[in-house]
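Whatever order the structure lists ligands and atoms in, that order sets their numbers, starting from 1. Residue numbers start at 1 and run along the sequence shown. In this text the structure is predicted, and so the values were computed from the model without any measurement. Values below: all heavy atoms of this structure, side chains included; hydrogens, waters and symmetry mates excluded.
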Amino acid sequence: MPLLGCIADDFTGATDLAAMLVAHGMTTVQVIGVPHGPLPEADAVVVALKSRTAPAAEAVAESLAACEALLAAGARQIFLKYCSTFDSTDAGNIGPVADALLKRLQSGFAIACPAFPANGRSVFQGHLFVGAALLSESGMENHPLTPMRDANLVRVLSRQTEGGVGLVPFAVVEQGETAIRQAFTRLRDGGRRYAITDAVTEAHLHALGRACAGHALVTGGSGIAMGLPQNFRDQGLLPDRSDADALPAPRGAMAVLAGSCSRATLAQIGLARLHVPVLELDPLATPDAAALLAEAEAWMEGKLSEARPVVIAASAPPEKVAALQQALGREAAGALVERALARIAAALVARGVGRLVVAGGETSGAVVQRLGIATLRIGPQIDPGVPWTYAETAGAEPAGLHLALKSGNFGARDFFLKAFTA
Ligand code: ADP
């Protein structure tokens, strides 16, 4: 039975959290969408929803359903994971979902901590910084879906909940776990429902995590999760594990599928071109998923190998993306490429690919759906936030696929090469 049951508001955020838990000694499985049926064995289960920008009522309903499944499986603590830039609007969904979870858990108080100093997200006097810039001057103020125009998280969260929001400031956090616990008690007794907590070092995150032992609900980014596994070890519930990230031995041919047009991915393709076979699809010249699949199938003939990967990419620079969007419309352009890449993924697996890297958040979603994957066991990280994972592909022969799902802008330039030596 899982000790920690997590609900993440998007797919790559779920993976990021899962990788953090594995790195701190909990075996972890990521479940895609609200789980139906029994959950796989693991110390932590992370349910990946797509609720960040859904209507608040929908996000609440899905999160409650996920919570129900996690509680039924025996989870002792629920973790609500959102982005380290607190991506949300005045309509939600952090406040409404946290309110609903607290009510379900019959609890009246939770921490809200997006800080992750190692990734440049720190909170000071309740204000969230991205690097040296206030959140509201970090570029996030221009986000198309969740523009963050106020860096004061006490104010931001207050606008999303009827519960009171207080602050545990730096001076208290700096004193450590006991002082933090006392501050939590004062806030709770003073009628506050949430505590925004300052954190500018990893030691702060560990102390905050320890102070959340016994809380029914913890909310935050993946950073605050680093202190939670130790709580379960202290309670004698979690054995010391040196192999929490162990996966079955990799097998089969190696391939990379890229549908991200982000700068990092374009650079990764550029470097891969010098070392391994690369097929660059041109959806503008061939705006047809079946034809793109046929082209890829003909190309992969005789090229698939267990010694080095092949790369198949639809990724293109901004002017080419704009041209296809102009020809087909934004939605249809994305959907066409996603459909083609998802079908190519199935073709690769059918031809013996057992190790697959997918670049692009939406692209990863399309591939995982097409391959019918419901759960991913989380393994070692290749680069920060991108672990190898293992999917048991039911009924397939041979069963099991190693997958690395990379958010477009993640990973070093040699990611597509080093992934297969990791
Ligand atoms: P990221 O993680 O970088 O945002 P995503 O996969 O989430 O990557 O989004 C990239 C989107 O761009 C996908 O919908 C994909 O289908 C689309 N796309 C990929 N290649 C092209 C292209 N050549 N022209 C237009 N759209 C493309």
Q: Are any of the side-chain nitrogens in Asp9 or Lys50 under 4.0 Å away from the carboxylate oxygens of its partner?
A: no
Q: If the condition is ring pair (Phe, Tyr, Trp, His ring centres under 6.0 Å), which residues does Phe129 pass it with, not counting sequence neighbours?
A: none
Q: Holding to side-chain hydrogen bond (donor to acceptor under 3.5 Å, both in side chains), I want the full list of residues that pass it with Gln160, two or more places apart in sequence or in another chain.
A: Ser88
Q: Tabulate distances under 3.5 Å between N/O atoms of ligand 1 and N/O atoms of the protein, writing both atom names on each line.
A:
unit_1	atom_1	unit_2	atom_2	d
ligand 1	2 (O)	Gly361	N	2.9
ligand 1	2 (O)	Gly408	N	2.9
ligand 1	3 (O)	Ser260	OG	2.6
ligand 1	3 (O)	Ser262	OG	2.6
ligand 1	6 (O)	Glu362	N	3.4
ligand 1	6 (O)	Thr363	N	3.0
ligand 1	6 (O)	Thr363	OG1	2.6
ligand 1	7 (O)	Gly361	N	3.2
ligand 1	7 (O)	Glu362	N	2.7
ligand 1	14 (O)	Glu338	OE2	2.5
ligand 1	16 (O)	Gly334	O	3.0
ligand 1	20 (N)	Ala314	O	3.2
ligand 1	23 (N)	Ala314	O	2.9

Q: Could you tell me which residues satisfy ring pair (Phe, Tyr, Trp, His ring centres under 6.0 Å) with Phe11, sequence neighbours excluded, listed by chain and number?
A: none
Q: Check the angle between the aromatic planes of Phe184 and His215 and answer parallel, tilted or perpendicular using the 30° and 60° thresholds.
A: tilted
Q: I'd like to know whether CD of Glu141 has more than 12 heavy-atom contacts from other residues, nucleotides or ligands below 6.0 angstrom.
A: yes
